[in-house]
Colleague: 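Pasting a structure below so you can have a look.
Hydrogens, waters and symmetry mates are skipped; everything else that's a heavy atom, side chains included, is used.
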Amino acid sequence: MEKYFWMLSTFTVPVLFLIITIGFYLTFYFRKNNLHQKNKIQSDQVSASQFRRELIYSFISLVIFAISGYGLFVLFERGNTLIYMKLSMLDVLYLPVSILLMMLFHDMYFYWTHRLLHQPGWYQKIHTVHHLSSNPSPFTSLSFHPVEAVIQAAVLPIMFMIIPAHPLAMFSFLIYMVYKNVHGHAGYEFTTQVHREKVLNRPLNYSIYHNWHHLKSRDNYGLYFTLWDRLMKTFKEDINRFNTPHHH
């Protein structure tokens with residue numbers, strides 16, 4: 001595994017992004033009248049010009065994420081990360097713990113960098129590129145200004161200098177990271193309000209929350225969880241404002 005680690009760290013995010021976004025696009029957007037149309041959060045169709053813009057910015061972001069991944073490999077080679085290759089029984093037990101730690105760290109990082117990007121100046125010059133898609137699609141997930149792409153890609157080398165992780169845990173996390181990001185921008189919600197309000201589900205983030213963020217350019221800044229939003233009182237869950245009766 002160590003022999004191929006440079007390939008895995010460099011290309012995992014770009015390859016996963018292409019597979020998952022294309023999968024979501026073919027499922028939900030390729031045909032106008034798909035079987036899931038009742039679960040579309042915003043009824044408006046995504047324009048061809050929006051798709052083209054998102055693809056251009058996403059390509060730039062993928063190059064930046066690949067560079068960040070290779071940077072992680074260089075840090076690993078120099079012994080500057082806490083990535084380890086050998087698995088003991090204790091390490092096997094630690095695998096799910098390390099994945100949860102990565103999610104918590106990334107969620108914190110994303111929340112606060114996202115809040116920063118909504119500050120005056122940052123928003124108009126950088127983050128507005130992402131918010132040009134008020135009705136997001138799967139390709140919105142990495143449709144970033146290059147500066148924002150650098151900020152978001154930097155989390156990976158930073159994270160693995162802080163959290164001990166085996167490549168198995170690392171790549172399991174990356175799969176979920178890309179899936180969650182694409183899913184959160186896909187424009188569809190399959191859960192009900194009753195489901196989301198159950199005690200065990202309340203800390204979790206859902207597509208409809210992030211869709212509200214794109215529609216209004218405020219509130220619901222989290223990625224995996226609603227913990228920071230709830231703590232900082234930036235959480236909005238009143239989905240009736242979408243005027244989508246099938247979600248009530």
Colleague: Please examine the side chains of I163 and L82, heavy atoms only from C-beta on, and report whether any two atoms are closer than 4.5 Å.
Modeller: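 SC-SC contact between L82 and I163 ruled out.
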Colleague: Report yes or no: do Y123 and S217 form a side-chain donor-acceptor pair below 3.5 Å?
Modeller: yes
Colleague: Are the side chains of K236 and R218 in touch, meaning some heavy atoms are under 4.5 Å apart?
Modeller: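 Not in contact.
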Colleague: Quick one: do L26 and I20 end up in the same hydrophobic cluster if we chain Ile, Leu, Val, Met, Phe, Trp and Tyr together by side-chain heavy atoms under 4.5 Å apart?
Modeller: yes
Colleague: Given side chains that start at C-beta, do those of L101 and I162 come closer than 4.5 Å, heavy atoms only?
Modeller: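 The answer is no; the side chains never approach within 4.5 Å.
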Colleague: Only one of W112, Y109, F235 forms a ring-ring contact (aromatic ring centres under 6.0 Å, His included) with W228, so which one is it?
Modeller: W112
Colleague: Between S68 and I64, is there a donor-acceptor pair closer than 3.5 Å when you use the side chain of the first and the backbone of the second?
Modeller: no
Colleague: Would you please indicate yes or no on a ring centroid separation below 6.0 angstrom for H166 and Y94?
Modeller: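 Distance test on ring centres: not under 6.0 Å, no.
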Colleague: Report the C-alpha separation of I208 and R196 in whole Å, then their side-chain angles, then the decisive distance to 0.1 Å, and conclude whether the side chain to side chain contact (heavy atoms under 4.5 Å, CB included) test is met.
Modeller: CA-CA 10 Å; I208 199 163; R196 292 188 293 273; 3.9 Å; yes
Colleague: Within the distance-only criterion (no hydrogens, no angle test), does the side chain of E189 pair as donor or acceptor with the backbone N or O of T191 below 3.5 angstrom?
Modeller: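 Yes; judged by distance alone, with no hydrogens or angles, the pair exists.
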Colleague: Take the angle between the ring planes of F190 and F28 and call it parallel below 30°, perpendicular above 60°, tilted in between.
Modeller: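 If you compare the ring of F190 with that of F28, the planes turn out tilted.
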Colleague: Should T234 and D229 be marked as a side-chain hydrogen bond (donor to acceptor under 3.5 Å, both in side chains) after you check the CA-CA gap, both sets of side-chain angles, and the distance that decides it?
Modeller: CA-CA 5 Å; T234 54; D229 276 309; 2.5 Å; yes
Colleague: Quick check against the 3.5 Å criterion: does Y25 have a side-chain atom that pairs as donor or acceptor with the backbone of S137?
Modeller: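 No; zero donor-acceptor contacts below 3.5 Å.
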Colleague: Return yes if some donor-acceptor pair links the side-chain N/O of N39 with the main-chain N/O of Y188 below 3.5 Å, else return no.
Modeller: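 Flag not set: sc N39 to bb Y188 has no pair under 3.5 Å.
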Colleague: Donor-acceptor pair, distance only, cut-off 3.5 Å: does the side chain of Q119 make one with the backbone of R115?
Modeller: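 Yes; judged by distance alone, with no hydrogens or angles, the pair exists.
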Colleague: Between H127 and H145, does the ring centre distance come in under 6.0 Å?
Modeller: no
Colleague: Out of the candidates H114, H130, H185, only one should pair with H213 under the ring-ring contact (aromatic ring centres under 6.0 Å, His included) rule; please name it.
Modeller: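 Among H114, H130, H185, the one meeting ring-ring contact (aromatic ring centres under 6.0 Å, His included) with H213 is H114.
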Colleague: Between Y176 and Y224, is the ring centroid distance below 6.0 Å?
Modeller: yes
Colleague: Once you measure the plane-to-plane angle for Y70 and W6, does it fall in the parallel (<30°), tilted (30-60°) or perpendicular (>60°) bin?
Modeller: perpendicular
Colleague: Does any N or O in the side chain of K198 come within less than 3.5 Å of the main-chain N or O of L200, such that one atom is a donor and the other an acceptor?
Modeller: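 Not confirmed, K198 side chain does not pair with L200 backbone.
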Colleague: Taking the side chain as every heavy atom from C-beta outward, state whether L8 and F171 have any atom pair closer than 4.5 Å.
Modeller: yes
Colleague: Indicate the ring-plane relationship of F5 and F76, choosing parallel, tilted or perpendicular according to the 30° and 60° boundaries.
Modeller: tilted
Colleague: Can you tell me if R52 and S47 form a side-chain donor-acceptor pair at under 3.5 Å?
Modeller: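 Checked: R52/S47 side chains show no N/O donor-acceptor pair below 3.5 Å.
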Colleague: What I want to check is whether the side chains of Y206 and T226 have a donor and an acceptor closer together than 3.5 Å.
Modeller: no
Colleague: Keeping S61 on the side-chain end and L142 on the backbone end, is there a donor-acceptor pair under 3.5 Å?
Modeller: yes
Colleague: Please assess D91 against S88 for the test side-chain hydrogen bond (donor to acceptor under 3.5 Å, both in side chains), listing each intermediate value before the final yes or no.
Modeller: CA-CA 5 Å; D91 292 324; S88 67; 3.0 Å; yes
Colleague: Please report the closest heavy-atom contact between V129 and S143, naming both atoms and the distance.
Modeller: CG1-O, 4.0 Å
Colleague: Under 3.5 Å, is there a donor on one side chain and an acceptor on the other for H183 and H210?
Modeller: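 Looking only at side-chain atoms, H210 and H183 do not form any donor-acceptor pair under 3.5 Å.
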